[in-house]
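Note sheet for the following structure.
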2 protein chains.
Amino acid sequence: MIDYPKPDSVSIVEQSSHLPRFDEWAETNEGRQPLTRAHMVTSALELMDETGLEGLTMRRLADTLGVKSASLYWHVRDKEELLNLMADAICSEIRPPEGSDDWRQRLEALAREYRRVLKTHRDAALLLATTLPVGPYRLRLAETHLATLLDAGFTAEVTARASLLFVDYVTNFVVEEDRAEAIAAAFQTDSDDADAVSGWFAALPVDQYPSLVALAPLLTNPNTEARFEFGMTTLLNGLPTP
Amino acid sequence: MIDYPKPDSVSIVEQSSHLPRFDEWAETNEGRQPLTRAHMVTSALELMDETGLEGLTMRRLADTLGVKSASLYWHVRDKEELLNLMADAICSEIRPPEGSDDWRQRLEALAREYRRVLKTHRDAALLLATTLPVGPYRLRLAETHLATLLDAGFTAEVTARASLLFVDYVTNFVVEEDRAEAIAAAFQTDSDDADAVSGWFAALPVDQYPSLVALAPLLTNPNTEARFEFGMTTLLNGLPTP
DNA sequence: ACCTGAACACCGTTCAAGT
DNA sequence: ACCTGAACACCGTTCAAGT
């Protein structure tokens, strides 16, 4: 059912494998050069920036490319493959920060960089969260994490678990962060922009949800930066000593 | 755009608000009693058990209820509301474990219970992850978490952050857990059931991904129970002292 | 080699109309 | 009060056919 690509086909964003050449039909095609996978992926990312992941549609993508939707399936097996390529393209922007030889600082820097990249495209975090970690650049990220932890002297088992925990934390944090922003934006249209969501929590019945009511502003009004660091610190502090 | 229910409408799974009564048409309707929200929600959960969240469709749900899809919209504003009701119905199964007066043990027990409930329906974790925490039972869960942390002596700020971190951890853990199971099941059809996914990682180019290759079995072959506990312990250990 | 036309089998939702 | 018919505006994907 689920398509786990074979290892040798770890997909590259570049050209499709059967060398695309200008042939007898090229001159018939005149001005329009044929679609490439790379072009498809960049256009798909632009479209996602405008419409969000749920608005990214094979048909709409075809339109922006001046092509019929059926054509996309010559370049890509299905939508899932396209999404994988997009996810990998996003991860290709990650510049693994070198520097400190403290493993902790290396991990923190890597997490911040990963989060930064997740913020460069609308719904990037959601895309990464709903897509499988295949693709060379995503694998690179995982590799870097693992290597850092192994270097630090953690056991193989702790390394594997900590790495999964850590990457998932960042991804899901940004997913929630994005969602909160979207909700806030939706509310901001009417009334003053005092936090309407926190108002919603504050208006719950106090006798049933005393803590929820009391902490309403803290639960919603974000200070995202600090919250992100809090989670990261908690995770790193909680690890067994290497 | 996004519909945050007004606080006074915190939705109850029970009846719709305008008292449903047998009236002059009741006898015309003979055997079939009218749909109720409660019935819709239980049927929707059953359907999700069979087809997964992505197979849960307003049209299919209508079919299993012996009704046309348009009818559902008399009972429910839209699909999102139905999903919220389902999420809340699932959370209503949570029996907050009492007992220990150690906050840490209380939190651990609560997390295990929450995870247990997430496992009682296919894709429950995914549903909870993609749905907003409105609905009385979900709010109860949050309230319990917050109260426990406040009781333990954490500051309001740490309580808020730790609670979000903790609930999200459990939910997302189970999402990944479910996904891994689905993938494994998809692979299991062919070949022996030796872990094909770990084989995929193991077959990556060693020179590029040495750690990934070395840790392949640990990254995929789960021992989910232990991994869940590892993450929980890490989070709890990492918290500042109350 | 690459693209189109046309279809298939679906979606969520609305709304006038029925009972 | 509750349900249906019929439509609207979409989806992803396939496949024979065109150039």
Side-chain angles (χ1 to χ4, degrees), chain A residues 1-3 15-40 43-44 47-48 51-86 130, chain B residues 1-3 15-40 43-44 47-48 51-86 130:
Chain A
M1 200 92 236
I2 287 171
D3 249 334
Q15 216 57 262
S16 42
S17 45
H18 37 72
L19 23 161
R21 296 262 123 236
F22 286 104
D23 48 59
E24 40 182 351
W25 292 287
E27 40 206 309
T28 313
N29 267 353
E30 298 275 290
R32 87 189 311 179
Q33 70 255 49
L35 223 43
T36 66
R37 272 165 148 243
H39 189 191
M40 259 185 73
S43 292
L47 182 54
M48 189 171 75
T51 62
L53 179 56
E54 95 175 358
L56 169 63
T57 267
M58 296 301 266
R59 294 171 114 109
R60 276 214 266 253
L61 176 58
D63 278 354
T64 76
L65 289 167
V67 111
K68 301 297 180 178
S69 70
S71 311
L72 301 180
Y73 293 85
W74 198 90
H75 300 273
V76 123
R77 187 214 297 266
D78 53 17
K79 190 179 183 183
E80 196 191 336
E81 185 177 14
L82 175 63
L83 296 178
N84 282 334
L85 291 172
M86 293 169 64
T130 52
Chain B
M1 199 91 233
I2 288 172
D3 250 332
Q15 216 56 261
S16 43
S17 45
H18 37 71
L19 22 161
R21 297 261 124 238
F22 287 105
D23 47 58
E24 40 181 352
W25 292 287
E27 40 206 309
T28 313
N29 267 354
E30 299 275 289
R32 88 191 308 181
Q33 70 255 48
L35 223 43
T36 66
R37 273 167 148 241
H39 190 191
M40 260 185 73
S43 292
L47 182 55
M48 190 171 75
T51 63
L53 179 56
E54 94 175 2
L56 169 63
T57 268
M58 297 301 267
R59 294 171 115 110
R60 277 214 265 253
L61 176 57
D63 278 354
T64 74
L65 290 168
V67 111
K68 301 297 180 177
S69 70
S71 312
L72 301 180
Y73 292 84
W74 199 91
H75 299 274
V76 122
R77 186 214 297 267
D78 53 16
K79 190 179 183 182
E80 197 191 335
E81 184 176 15
L82 174 64
L83 296 177
N84 282 332
L85 292 172
M86 292 169 65
T130 52

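Hydrogens, waters and symmetry mates are skipped; everything else that's a heavy atom, side chains included, is used. Chain A is the first sequence line, chain B the second, and so forth, proteins listed ahead of strands; every chain is numbered from 1.
Not a single donor-acceptor pair under 3.5 Å links the side chain of A:Ser43 to the backbone N or O of A:Met40. Proximity of a side-chain donor or acceptor of A:Arg37 to a complementary backbone N or O of A:Val76 within less than 3.5 Å is not detected.
For the pair A:Tyr73 OH and C:dA7 P, the computed distance is 19 Å after rounding to whole Å. Here C:dC11 presents its P atom at 13 Å from CG of B:Leu53, a figure rounded to the nearest Å. Here the C1' atom of nucleotide C:dA16 and the CH2 atom of B:Trp74 are 17 Å apart, to the nearest Å. In this structure, A:Leu65 atom CG and C:dC3 atom C1' are separated by 13 Å, rounded to whole Å. Rounding to whole angstrom units, CG of residue B:Leu35 and C1' of D:dT4 are separated by 14 Å. Rounded to whole angstrom, the span from the CZ atom of A:Arg77 across to the C1' atom of D:dT14 amounts to 14 Å. Atom NZ of A:Lys79 is separated from atom P of D:dT13 by 8 Å (rounded to the nearest Å). Distance B:Arg37 CZ to D:dC2 C1': 15 Å, rounded to the nearest Å.
Residue A:His75 places no side-chain N or O under 4.0 Å from the OP1 or OP2 atom of C:dA1. Taking 4.0 angstrom as the limit, A:Arg60 places a side-chain polar atom (N or O) nearer than this to OP1 or OP2 of D:dC11. For the OP1/OP2 pair of D:dT4 and a distance below 4.0 Å, the side-chain nitrogens and oxygens of B:Ser71 include at least one atom meeting the criterion.
The shortest side-chain heavy-atom distance between A:Leu72 and A:Leu82 does not fall under the 4.5 Å cut-off.
When all heavy atoms of A:Leu56 and A:Lys79 are compared, the pair lying nearest together is O-NZ, 3.0 Å. The two residues B:Leu53 and B:Met48 have their closest heavy-atom pair at N-CG, 3.7 Å. Nearest heavy atom pair, residue A:Thr51 against residue A:Gly55, reads OG1-C, 3.3 Å.
How far CZ of B:Arg60 is from OG1 of B:Thr64: 10.5 Å, rounded to the nearest 0.5 Å.
The side chain of A:Met58 lies closest to D:dG12 when the candidates are C:dC2, D:dC3, D:dG12. The B:Ser69 side chain lies nearest to C:dT13 when the options are C:dT13, D:dC3, D:dC11. Across D:dT13, D:dT4, C:dC2, the shortest atom-to-atom separation from the side chain of B:Val67 is found for D:dT4. The B:Arg59 side chain lies nearest to C:dG12 when the options are C:dG12, D:dC3, C:dC2. Closest contact between the side chain of B:Lys68 and the listed nucleotides C:dC11, C:dT4, D:dG5 involves D:dG5. Comparing D:dG5, D:dC3, C:dT13 by their nearest atom to the side chain of B:Asp78 picks out C:dT13.
Look at the P atom in both D:dA9 and C:dC10: the space between them is 22 Å, to the nearest Å.
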> Which dot-bracket string fits DNA chain D when only Watson-Crick or G-U wobble pairs with both atom distances under 3.5 Å count, crossing pairs get [ ], and | stands for a partner on a different strand?
Replying inline: ||.|||||...|||||.||

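Note on B:Thr57: only backbone sugar-phosphate atoms sit closer than 4.0 angstrom, heavy atoms only; bases stay farther off.
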